[in-house]
Amino acid sequence: MGDLNLYNTRTRSLERFVPLRDREVRIYVCGLTPSAQAHLGHARSFLFFDLLRRLLMHLGYRVTYVQNVTDIDDRSINRARETGEDWYEIVSGYYADFKASMRALGVLEPDHEPYATKFIPEIQAMIRELIERGYAYVATDGIYYRVSRFPRYGALSNRNIDELQSGARIEVDEFKDDPLDFALWKFAKPGEPRWPFEPYGDGRPGWHIECSAMSHALLDPLGTGFDIHGGGADLIFPHHENEIAQSEVLMAHPPMANVWLHGGLLNFDGRKMSKSLGNFEPLSDLLARHDPQAVRMTFLTTGYSKVMNFTEDSIASATITLERLKKTHRRLAVVSAREGDYEMLPRIETALCNDMNTSVALAELLQWSPEATPQARYEFERALWLLGIAPTSAWLEEPPLALPADLVARLQAELGQELSLDGATPDEAIERVIAQRSHARTNKDWAASDRLRDALARCGIAIKDSKEGTSWSIAG
RNA sequence: GGCGACGUAGCCAAGUGGUAAGGCAGGGCUCUGCAAAAGCCCCAUUCGGCAGUUCGAAUCUGCCCGUCGCCUCCA
């Protein structure tokens, strides 16, 4: 199998991936700020990194995956003040929902899931060092990073500092020395959650510093860098730019991360899907309406880094495609050897190694018409695992749908005098109709046969004739 | 104002110099008393427009048109 190539935002080029340590990959992905409900856009991003993890594991790397939780931020604090709730209850509730959605989607658990509020000492240590070395200053309302001290500022996002300063929408803050400077620590106002920070003042960490501190603590205590830093494309500026500014001035050997990967944003009906615009359906609601595996399938069709527009049509199409895979799997269900010459798996590996081209990988899988080779099922399931669509026991059966409660009465109404269903259970009633129809077919009484079949169809029962006899199912 | 992405069949979408993957929808065939289910097959002389480079362009260059995003909390 060939090399893994990934598009690196830092160098703006497709690069062969080489881990810093042999056979080991360290990944830090910016996780959720659970001060509001998660939406499908979050799912797309974390689903992509889940796929990357699966591929790296499949390629034989030992992967350490860290995904943080920003469990303290202005929005949850403001919300708590408005509603009278405890801010931590708000954050915990949303995060629990998010975790449940991730489980439903089959996303692998992170190896570490650091909460910002559990790393206050590490965050403060970093701020102290930034102050001591002249990269940060204490202002009236907080402690700020002095962007002008970091010449490479803007390198990741390809931005020019002078142009940023002349930009129209930089926040005006009377306490900062420069509009570009960003908060490392915010002093607590009365009633706000606070952590002591001597001698500067009680308060809470800024958003950017937590990722610098936690990635340092969990992945790179030596300050020589880790392999992959990821997140949504909207984090490139300013979040990731700020992380670099904070971390790299303190590191023995920058860069902070060798490869920076960014997932394309998701639009909903042509518009950005975001918390602030509010044009989103909560992820948990959407997963209640759609098979989570169909959601995964939907994302496989588009390149991860592209802006994608989500529509109900796209998921309807993916749902049908998923059914095809389930049928193929049922067909392969008896064969299970592991060894053999794999036909399709190598093609999927090749596609994924080409900057995670899931679109081609999926096409390979769908094109594959598996012969009954002994290893076909193993190969197929392995491919499905790589794409994050693990077969569940439900794949082996047709979806169990409930028979309508009034089925017998409705059937009787359809049939009138033709057949009595007195005292029959729904199953028995259907069997009686089928028996009657089989009798009619034997006598080549096609009119009666079709009448009985139509009656069943109108009651939502579909019929299938085969050499083994007639079977029925509930029409989807 | 600055930065960037995208525009490929009815819809979604891969392909980034060698002659248009795949999915959905649509059409046909086999099987069947007819259906259903299943399987097989067909479905873009062409890649927003115009010029240019090249033996060769959806792919490179220039200009134009259109859509979206980032520059503010954001995955």
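Per chain, numbering begins at 1; letters A, B, ... match sequence-line order.
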Quick check: on RNA chain B, is the nucleotide nearest A:Ser317 upstream (toward 5') of the one nearest A:Trp446, or the reverse? Name the residue that is more 5'.
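Nearest-nucleotide comparison on RNA chain B picks A:Ser317.
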Relative to the 5' end of RNA chain B, which residue comes earlier, A:Gly303 or A:Asn158, by the nucleotide with the nearest heavy atom?
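Counting from the 5' end, the first nearest nucleotide belongs to A:Asn158.
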What pairs meet the salt bridge (charged side-chain N to carboxylate O under 4.0 Å, His left out) rule with one or both residues in residues 299-313 of chain A, with sequence neighbours excluded?
A:Arg289-A:Glu312
Heavy atoms under 4.0 Å, any strand shown: does [X] hit a base, just sugar-phosphate, or nothing?
X        : value
A:Arg437 : base
A:Leu265 : base
A:Leu235 : sugar-phosphate
A:Gly230 : nothing

Test salt bridge (Lys or Arg N to Asp or Glu O under 4.0 Å) on A:Glu210 and A:Arg204; report intermediate values, then the result.
CA-CA 10 Å; A:Glu210 67 178 78; A:Arg204 61 181 185 275; over 6 Å; no
For nucleotides [N] and [M], find the distance between their [atom1] atoms and express it as a whole number of Å.
N     : M     : atom1 : result
B:U46 : B:G4  : P     : 34 Å
B:G39 : B:C6  : P     : 37 Å
B:C60 : B:G17 : P     : 8 Å

Strictly below 4.0 Å: does A:Lys272 bring a side-chain N or O up to OP1 or OP2 of B:A75?
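Indeed not, no polar side-chain atom of A:Lys272 lies that close.
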Are A:Asp50 and A:Arg54 close enough for a salt bridge, meaning some N to O gap below 4.0 Å?
yes
Tell me which residues in residues 88-100 of chain A put a heavy atom below 4.0 Å from RNA chain B, sorted by number, or none.
none
